[in-house]
2 protein chains.
Amino acid sequence: MAVTIRDVAREAKVSVASVSRALNGNTNVTDATRSRILRVAARLRYIPHSAARSLITRRTHTVGALLPDLFGEFFSELIRGIDLAARARGLHLLVSSSHGNANEAAAALRAMQGRVDGMLIMSPHVDADFLHRNLPDSVPAVLLNTAVKDARYSTLSIDNYGGARTMTQHLIDAGHRSIAFVTGPDGNYDAAERLRGFQDAIASSKRKIASEVLRGDFSEESGQAIGRRLAATKTRPQALFAANDMMAIGCMLALIEGGVRVPEDVAIAGFDDIPIARFVHPGLTTVRVRIAELGRSALEQLASQVEAPDAKTASAQTPRCEVVVRASCGQSAAAARGTKPL
Amino acid sequence: MAVTIRDVAREAKVSVASVSRALNGNTNVTDATRSRILRVAARLRYIPHSAARSLITRRTHTVGALLPDLFGEFFSELIRGIDLAARARGLHLLVSSSHGNANEAAAALRAMQGRVDGMLIMSPHVDADFLHRNLPDSVPAVLLNTAVKDARYSTLSIDNYGGARTMTQHLIDAGHRSIAFVTGPDGNYDAAERLRGFQDAIASSKRKIASEVLRGDFSEESGQAIGRRLAATKTRPQALFAANDMMAIGCMLALIEGGVRVPEDVAIAGFDDIPIARFVHPGLTTVRVRIAELGRSALEQLASQVEAPDAKTASAQTPRCEVVVRASCGQSAAAARGTKPL
DNA sequence: CTGAAAGCGCTTACAG
DNA sequence: CTGAAAGCGCTTACAG
């Protein structure tokens with residue numbers, strides 16, 4: 001059906017080897033035969049079969065990305081960073097997402113075998129044993145935001161702990177003496193680390209801070225529910241720090257709707273700095289994770305491992321987060337120590 | 001380096017054919033030999049080479065997506081729809097984006113050859129001749145939002161014209177007698193169709209409407225610039241309809257910052273209904289494009305073409321858009337005819 | 001039930 | 001400079 005290299009060879013009256021050479025521009029072919037081959041290839045609308053080529057060259061010029069999701073503010077940004085860096089290096093992207101359990105993730109990872117030169121992996125189902133079973137040692141991989149500590153893999157992580165700690169300190173410095181923290185879903189690594197940062201900041205503070213932990217699940221709705229509850233009570237914390245922006249926004253809008261003023265009555269802070277954070281009113285003070293930057297770095301590390309498979313350069317990086325001060329905490333940027341406004 | 005089917009065959013003391021059969025669970029293999037093979041395969045951590053398998057089965061279980069971008073509100077939603085439908089059918093996604101020109105797009109499309117069972121194509125660089133040169137007739141493709149009319153390809157389009165026309169009529173019905181339209185970038189098909197819808201609605205209106213066309217480029221900044229200009233003048237239109245939401249939002253925020261009230265002084269409407277639209281203050285009245293739905297439909301059409309290559313079912317669909325009424329036009333949902341609130 | 005062989009579409013030493 | 005041949009890792013008629 002489709003036209004192959006043999007068809008071109010036959011029509012151009014040369015061997016397939018010559019067609020291959022002419023098309024790849026590599027080795028010695030006469031200008032005459034080369035141009036004849038190119039003409040025939042164009043006429044037949046020949047398009048090389050990438051998979052067949054990969055099979056023998058051992059290069060796919062493709063990286064795989066195993067992600068929990070493809071959409072939403074966070075992943076959109078992450079993919080953007082990955083894509084930018086991949087394009088700059090002429091790499092394609094094979095994506096796989098939304099694996100409900102470890103088996104699905106394993107199937108996805110295995111299906112990539114032979115189709116990618118390396119893997120970018122971010123998944124709650126991944127641990128060292130999982131990788132050992134489903135990823136050949138010969139395939140380079142970079143782990144994103146995982147708890148796995150394996151010397152064979154480079155890892156890149158969000159500074160959940162440090163970011164949460166810095167934000168909590170910022171709230172304390174701003175004068176708040178009772179602070180509530182809204183958690184993410186149970187078992188979520190990022191959420192747990194952010195909570196830990198909050199608690200350590202409270203515990204190590206020189207001042208006495210009343211703290212409280214409220215349960216959320218990262219969804220806007222869970223924030224909303226908390227906001228409504230808070231609006232209906234009289235004993236509100238002075239500040240509320242949500243483990244992600246969507247909950248902070250849901251909570252803030254529900255509070256305002258319930259007649260509570262933000263930031264005058266309650267200060268609100270989030271985590272992530274998703275694009276919406278600067279569009280809500282008041283603008284949301286939050287911890288900025290340079291998500292796209294994270295994706296870009298991850299891809300570049302992976303690419304360098306693909307190019308130099310021997311260089312044992314497994315590293316663990318955790319780029320610092322920064323607090324972005326907006327109106328929802330009722331503080332001018334200048335008053336914040338060591339932070340940077342948008 | 002990597003373990004292959006031959007290694008498993010040797011260790012299990014069978015032929016590669018038997019290993020293949022056992023692993024694919026297809027044909028007749030004794031339970032004894034099958035379990036022995038499976039045991040050996042697990043011990044050696046054998047993972048089949050998908051590309052090699054595809055070469056002979058002629059099935060990759062992967063669809064390619066050629067998109068202008070991977071990120072941003074619009075594409076994030078589109079990919080979400082595509083991904084959901086692909087996952088439901090066990091298909092992988094090979095994506096390629098951000099092609100600055102036709103040559104880059106051609107290279108991307110060609111590189112997919114042999115790695116995908118079909119293509120989802122959305123690109124400003126694509127026309128019938130382009131497809132003829134860079135896509136074998138044997139590869140099914142579904143075109144998204146393109147001007148190409150080729151009986152060989154199914155197309156799925158956003159109802160830019162109808163949506164813009166309905167929104168314009170909505171503004172007229174709301175009593176606005178002078179309306180400005182903010183265009184998208186030159187040469188952009190969606191932008192041109194939206195402008196055409198606006199102009200036709202104005203032209204065919206029974207009432208006399210003063211209209212004006214302002215130049216934007218789909219960016220928030222271009223909307224901002226227009227908003228600032230409008231805030232500084234006295235001769236403002238009663239309503240402003242931007243060709244996309246980001247411009248509408250940029251314009252709205254700049255107007256408000258300049259002391260102009262929205263919707264009291266100027267009503268504002270956008271196009272797309274990106275997630276941010278309901279978070280800005282006031283909420284943005286806009287045309288909802290069911291983006292994820294578009295992606296889902298496109299993938300399902302493609303999948304059915306892949307499964308039944310002969311069924312010549314090329315179709316052209318244009319799902320209707322709907323006007324979503326929020327506060328930025330100063331009208332209650334009930335007052336809008338034939339529209340649906342969020 | 002099992003194996004030897006051909007072949008998917010390509011690239012690359014190896015000769016000439 | 002050019003071609004015949006081997007081989008990448010797999011699957012599948014074809015025999016037995």
Side-chain angles (χ1 to χ4, degrees), chain A residues 1-38 40-41 44-62 110-117 136 138-139, chain B residues 1-38 40-41 44-62 110-117 136 138-139:
Chain A
M1 185 79 204
V3 20
T4 74
I5 197 172
R6 301 178 62 111
D7 300 319
V8 178
R10 185 173 3 87
E11 286 285 311
K13 302 191 190 310
V14 292
S15 69
V16 294
S18 291
V19 176
S20 176
R21 291 183 189 113
L23 260 42
N24 292 323
N26 298 345
T27 9
N28 342 319
V29 191
T30 326
D31 280 353
T33 55
R34 155 164 291 135
S35 65
R36 177 158 44 96
I37 290 169
L38 291 181
V40 171
L44 298 185
R45 296 198 287 134
Y46 169 64
I47 300 175
H49 191 288
S50 301
R53 171 182 293 180
S54 295
L55 190 55
I56 192 139
T57 61
R58 328 293 285 168
R59 268 288 172 280
T60 63
H61 300 292
T62 302
R110 287 169 163 257
M112 299 234 180
Q113 175 67 357
R115 321 178 102 159
V116 300
D117 295 334
S138 53
V139 178
Chain B
M1 184 80 204
V3 20
T4 74
I5 197 171
R6 300 179 62 112
D7 300 319
V8 178
R10 185 171 4 83
E11 286 286 311
K13 302 191 191 308
V14 292
S15 68
V16 293
S18 291
V19 177
S20 176
R21 289 183 191 114
L23 260 42
N24 292 322
N26 297 346
T27 9
N28 341 319
V29 191
T30 327
D31 279 355
T33 55
R34 154 163 292 135
S35 66
R36 177 159 43 96
I37 289 169
L38 291 181
V40 171
L44 298 185
R45 296 199 286 133
Y46 169 64
I47 300 176
H49 191 288
S50 301
R53 171 182 292 182
S54 295
L55 190 55
I56 191 140
T57 61
R58 328 293 287 169
R59 268 287 171 281
T60 63
H61 299 291
T62 302
R110 286 169 163 258
M112 299 235 180
Q113 175 66 358
R115 320 177 104 158
V116 300
D117 295 334
S138 53
V139 178

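Chain letters run A, B, ... following the sequence lines, proteins first and then strands; every chain starts at 1. What's counted below: heavy atoms across the whole structure, side chains too, no hydrogens, waters or symmetry copies.
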Nearest to the side chain of B:Val29, which nucleotide is it out of C:dT12, D:dT11, C:dT2? C:dT2
Would you mind telling me which of D:dG9, D:dT11, D:dT2 lies closest to the side-chain atoms of A:Thr30? D:dT2
Would you say A:Arg53 places a side-chain N or O within less than 4.0 Å of OP1 or OP2 belonging to D:dC8? no
I'd like to check the side-chain contact (heavy atoms from CB on, under 4.5 Å) partners of B:Leu55; sequence neighbours left out, ordered by chain and number. A:His49, A:Ala52, A:Leu55
Scan nucleotides 13-16 of chain C against the protein and return all N/O pairs shorter than 3.5 Å with their distances rounded to 0.1 Å.
{"residue": "C:dA13", "atom": "N6", "partner": "A:Arg21", "partner atom": "NH2", "Å": "3.0"}

Report the residues that fulfil side-chain contact (heavy atoms from CB on, under 4.5 Å) with B:Thr62, sequence neighbours left out, ordered by chain and then residue number. A:Leu94, A:Arg115, B:Thr60, B:His92, B:Leu94, B:Val116
To the side chain of A:Ser20, which of D:dT11, C:dT12, C:dT2 is closest? C:dT12
Who are the side-chain hydrogen bond (donor to acceptor under 3.5 Å, both in side chains) partners of B:Glu11, not counting sequence neighbours? B:Arg43
Within this structure, what is the CD1-to-P distance between A:Ile56 and C:dT11, rounded to whole angstrom? 8 Å
Measure CD1/B:Ile5 against P/C:dG7 and give the value in whole Å, please. 19 Å
Given D:dG3, C:dG3, D:dC10, which nucleotide is nearest the side-chain atoms of B:Ser15? C:dG3
Comparing A:Val16 and A:Arg36 on DNA chain D - which has the more 5′ nearest nucleotide: A:Arg36
When you get a sec, tell me which of C:dG3, D:dT2, D:dC8 is the closest nucleotide to the side chain of A:Thr33? D:dT2
Minimum-distance nucleotide (side-chain atoms of B:Val14 versus C:dG3, D:dC10, D:dG3): C:dG3
What's the CD-C1' distance between B:Gln113 and C:dC10, to the nearest Å? 13 Å
Go through the structure and list residues passing side-chain hydrogen bond (donor to acceptor under 3.5 Å, both in side chains) with B:Arg58, not counting sequence neighbours. none
Once you round it to whole Å, what is the distance between C1' of C:dT11 and CG of B:Leu55? 13 Å
Could you pull out all residues at least two apart from B:Arg110 that satisfy salt bridge (charged side-chain N to carboxylate O under 4.0 Å, His left out)? none
Partners passing side-chain hydrogen bond (donor to acceptor under 3.5 Å, both in side chains) against A:Arg6 (at least two apart in sequence or in another chain): none
Just the rounded figure in Å: distance from C1' of D:dT11 to NE2 of B:His61. 13 Å
Between B:Leu23 and B:Leu38, is the side chain to side chain contact (heavy atoms under 4.5 Å, CB included) condition met? List the steps. CA-CA 7 Å; B:Leu23 260 42; B:Leu38 291 181; 3.6 Å; yes
Could you work out which one of D:dG3, C:dC10, D:dC10 sits closest to the side chain of B:Ala52? D:dC10
Which heavy atom of A:Ala2 sits nearest to which heavy atom of A:Asp7, and what is that distance? O-OD2, 4.0 Å
At their closest point, which heavy atom of B:Val139 faces which heavy atom of B:Asp117, and how far apart are they? CG1-O, 4.5 Å
Applying side-chain hydrogen bond (donor to acceptor under 3.5 Å, both in side chains), can you list everything that pairs with A:Arg53, at least two apart in sequence or on another chain? A:Asn24
Quick one: is B:Arg58 getting a side-chain N or O under 4.0 Å of the C:dG9 phosphate, OP1 or OP2? yes
Please report, rounded to the nearest Å, how far the C1' atom of D:dG3 is from the CZ atom of A:Arg10. 17 Å
In whole angstrom, what separates B:Arg59's CZ from D:dG9's P? 24 Å
With Watson-Crick and G-U wobble geometry limited to distances under 3.5 Å, how should the secondary structure of DNA chain D be encoded in dot-bracket form, using | for bases paired to another strand and [ ] for crossing pairs? |||.||||||||.|||
Can you check the B:Leu23 CG to D:dT12 P distance for me, whole Å? 13 Å
